[in-house]
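As the structure is a computational prediction, the values presented were derived from the model and not from experiment. Indexing begins at 1, ligand by ligand and atom by atom, following the structure's order.
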Amino acid sequence: MPRPWKARNSIARRVAPPGLTPCPHRIILPRMTTPQDPHQAKADEFLSHSPLKAFIGGEWVSSLDGKTFTTRDPGTGIPIADVPAMGAKDVDRAVQAATRAFRTSGWAEMSAHERGALLHRLADEVEREKPVLARIEARDAGKILAQAEGDVQNFVDTLRYFIEISLHVQRRTPLAVRGHEATTVRLPWGPCGFIIPWNFPFLLVGWNISPALAAGNTVVIKPAEDTPLSTLYLGVLAKKAGIPDGVINVVTGYGESAGAALASHPGLKRMSFTGSPEVGRLVAESCARNLTPVKLELGGKGAAVIFDDVDVNATAARLVGAITFHTGQVCCDATRWLVHRKIYDRFVSECVGRLKSVAVGYQLDPASQMGPVVSAKQRERVLRYLEAGRAQGAELLLEGGAATVAGRDGFYVKPALMAGSLSNIAAREEIFGPVAYLAPFDSESQALEMANDTDYGLANSVWSADLDRARRVAERMVAGNSWINAHNVFPHGVPYAGINKSGMGGGVLSHETFLDYTRGLSIVRPL
Ligand code: NAD
């Protein structure tokens with residue numbers, strides 16, 4: 001088939017995805033690894049078509065006004081690709097495509113097995129291209145490569161989990177009602193909207209769209225402006241897997257324009273938003289105006305309650321691992337460490353020692369243990385909280401601050417530990433960086449009171465050798481999730497949700513999530 005453009009190199013000629021037309025003024029992208037890495041070559045080839053296009057109705061399209069924005073490598077600050085900066089008309093086009101696909105592609109009426117077969121093909125494609133997707137994600141989000149690979153695998157596992165559920169949920173349930181023939185039927189809603197944050201771009205697309213697709217809905221995804229690339233690559237794989245056109249649509253753009261347009265679109269039958277509480281509120285307000293049901297997965301300020309019977313070294317290692325994982329940009333992280341006074345000093349000194357030895361470096365450098373934060377703006381945020389916390393009297397047990405990495409002009413920070421009053425701004429607000437705030441406690445009841453003294457309600461953990469005590473404390477924590485002797489654990493099948501300022505609308509990853517993406521219809525015939 002003739003192409004409207006001339007490929008720049010031989011790899012591009014061989015595997016150019018349809019519709020990705022390179023711009024004559026495109027930026028020249030630095031190759032990230034040696035030519036012997038075929039996965040990187042494939043990732044580079046995809047990105048070399050900058051400006052990339054969005055994926056609507058099975059077509060690759062620019063924004064109607066031709067505007068684009070640049071996504072950068074947070075480890076170097078260098079542009080990776082230009083992407084369409086879409087607005088309300090583009091979003092409308094995507095919602096219309098999703099609506100058409102819902103009504104006419106046959107997707108909504110397929111049996112769960114037929115749809116499951118197609119979705120398994122998509123999971124197969126993603127799994128096969130895991131190294132390529134992981135390289136795209138690692139560069140775009142500043143993720144350590146192994147972590148990006150884990151995220152892609154998690155997408156696959158999530159999709160397969162929801163396919164499995166879709167095969168076993170009863171669609172039609174006869175009801176035993178005197179004098180009537182009565183049935184309830186579960187049906188997909190229609191086109192659903194998804195707004196995704198930048199910290200786990202591909203994994204969260206998987207958590208969000210998998211139940212919706214498996215239930216027979218169509219989707220419009222708006223990835224974060226900092227990290228749109230892996231979601232665009234999903235469009236390539238959806239095409240390859242034979243997912244009908246318009247079932248999966250990706251619109252790129254800024255939150256205030258593309259995001260706001262999606263949240264307020266009256267054609268959507270459901271909306272799911274993952275991100276900050278501030279934006280979540282705006283999204284919920286927009287949805288309320290259209291009476292669109294909305295699911296909000298928001299931020300957190302989780303506590304880890306550490307009793308005096310723990311193995312101090314092992315527990316310190318686990319929590320240091322949690323706070324440095326993806327440079328602390330994890331909504332459910334333990335960012336308040338409440339430690340029994342008897343072991344407080346030992347615990348602090350163990351954590352300080354471990355954090356000092358964390359290798360901060362470029363995300364694709366195999367020696368790096370902690371990469372950059374996602375943007376200059378995010379680095380500013382972390383540094384501002386360190387300063388504000390200190391100004392309000394917090395002690396800096398480990399100073400933190402900006403980090404430099406030789407030869408890389410990226411957005412690096414060092415891990416930090418703060419301590420002091422829990423009314424300090426750094427103890428109350430979500431920082432979203434490798435920063436933990438410590439305080440000692442003397443009794444179980446005091447620890448619980450401290451843990452629950454927050455506006456958030458996402459996830460906490462309790463650490464103790466006494467499992468009865470651990471279970472008791474876990475049950476009294478006011479949040480969606482309590483973990484025992486672990487932090488950040490997400491087995492498929494266990495609901496994961498936030499309450500209070502951390503979310504509303506049902507959560508993700510469980511059987512109930514699948515049901516959220518079905519609407520009930522009751523049918524009654526008087527006898
Ligand atoms: P954010 O709220 O700034 O942005 C999230 C998404 O919303 C992005 O796609 C953005 O473009 C879009 N957006 C921004 N303004 C908008 C508007 N006015 N209308 C509609 N959409 C808009 O959040 P972020 O900085 O990308 O992500 C970090 C936040 O996400 C943290 O608070 C973190 O805790 C939270 N988070 C929560 C979970 C969870 O499962 N609970 C998971 C990951 C991240």
[X] and ligand 1 - part of the residue with a heavy-atom distance under 4.0 Å:
X: Tyr496; answer: side chain
X: Glu430; answer: side chain
X: Leu298; answer: backbone
X: Thr274; answer: both
X: Ala263; answer: neither

Row check, Tyr437 ring normal vs Arg336 NZ/CZ: under 6.0 Å, within 45°: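 Negative - Arg336 is either too far from the ring of Tyr437 or too far off its axis.
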
Would you say ligand 1 has an N or O under 3.5 Å from any N or O of [X]?
X: Ser502; result: no
X: Ile196; result: yes
X: Leu458; result: no
X: Ser276; result: yes
X: Tyr254; result: no

Out of [options], whose heavy atom sits nearest [atom]?
atom: atom 36 (N) of ligand 1; options: Ala261, Pro277, Ser286, Cys331; answer: Cys331
atom: atom 24 (P) of ligand 1; options: Phe200, Phe432, Trp198; answer: Trp198
atom: atom 14 (C) of ligand 1; options: Gly253, Gly507, Gly255, Pro197; answer: Gly255
atom: atom 16 (C) of ligand 1; options: Asp333, Val283, Val374, Val279; answer: Val279

Enumerated ligand 1 atoms positioned under 4.0 Å from heavy atoms of [X]:
X: Leu204; answer: 42 (C), 43 (C)
X: Asn199; answer: 43 (C), 44 (C)
X: Leu282; answer: 18 (N)
X: Gly259; answer: 19 (N), 20 (C), 21 (N)
X: Glu225; answer: 10 (C), 11 (O)
X: Ala260; answer: 19 (N), 20 (C)

Protein contact of atom 35 (C) of ligand 1 - nearest heavy atom, named by residue and atom, plus distance: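 The closest heavy atom on the protein side is Gly275 O, 3.2 Å.
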
Atom 12 (C) of ligand 1 sits nearest the protein heavy atom Ile195 CG2, 3.6 Å

Tyr517 ring center near Trp189 ring center (under 6.0 Å):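 For Tyr517 and Trp189, the ring centres are not under 6.0 Å apart.
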
Would you check if the distance from the ring center of Phe162 to the ring center of Phe514 is below 6.0 Å?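 Centroid separation for Phe162 and Phe514: 6.0 Å or greater.
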
Scan side-chain atoms only and decide if Asn154 and Thr158 contain a donor-acceptor pair under the 3.5 Å cut-off. yes

Donor-acceptor side-chain pairing of Asp73 and Tyr362 below 3.5 angstrom: yes

Over 12 non-hydrogen atoms of neighbours within 6.0 angstrom of NZ in Lys501: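 Check passes, neighbour count above 12.
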
Would you indicate whether Glu278, at its atom CD, is surrounded by more than 12 heavy atoms from other residues, nucleotides or ligands within a distance under 6.0 Å?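 Yes, because the 6.0 Å sphere around CD of Glu278 holds more than 12 heavy atoms from other groups.
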
Looking at atom 4 (O) of ligand 1, is any protein heavy atom nearer than 4.0 Å to it?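 Flag for atom 4 (O) of ligand 1 set to false, no protein heavy atom closer than 4.0 Å.
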
Can you list the residues that meet the salt bridge (Lys or Arg N to Asp or Glu O under 4.0 Å) rule with Lys301, with sequence neighbours excluded? none

Partner set under salt bridge (Lys or Arg N to Asp or Glu O under 4.0 Å) for Arg428, not counting sequence neighbours: Asp453

Between Ser368 and Leu364 (side chain of the first, backbone of the second, donor and acceptor by atom type, cut-off under 3.5 Å), is there such a pair?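 Looks like no, no N/O pair under 3.5 Å.
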
Verify, without hydrogens or angle tests, whether Glu137 (side chain) and Ala148 (backbone) share a donor-acceptor contact under 3.5 angstrom. no

Residue pair Asp157, Gln153: steps toward the side chain to side chain donor-acceptor pair (under 3.5 Å) verdict: CA-CA 6 Å; Asp157 297 344; Gln153 187 58 49; 3.0 Å; yes

Min side-chain heavy-atom separation Phe432-Val330 under 4.5 Å: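 In short, these two side chains do not touch, never coming nearer than 4.5 Å.
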
Ala123 and Arg160 have their tightest heavy-atom pair at CB-NH1, 3.3 Å

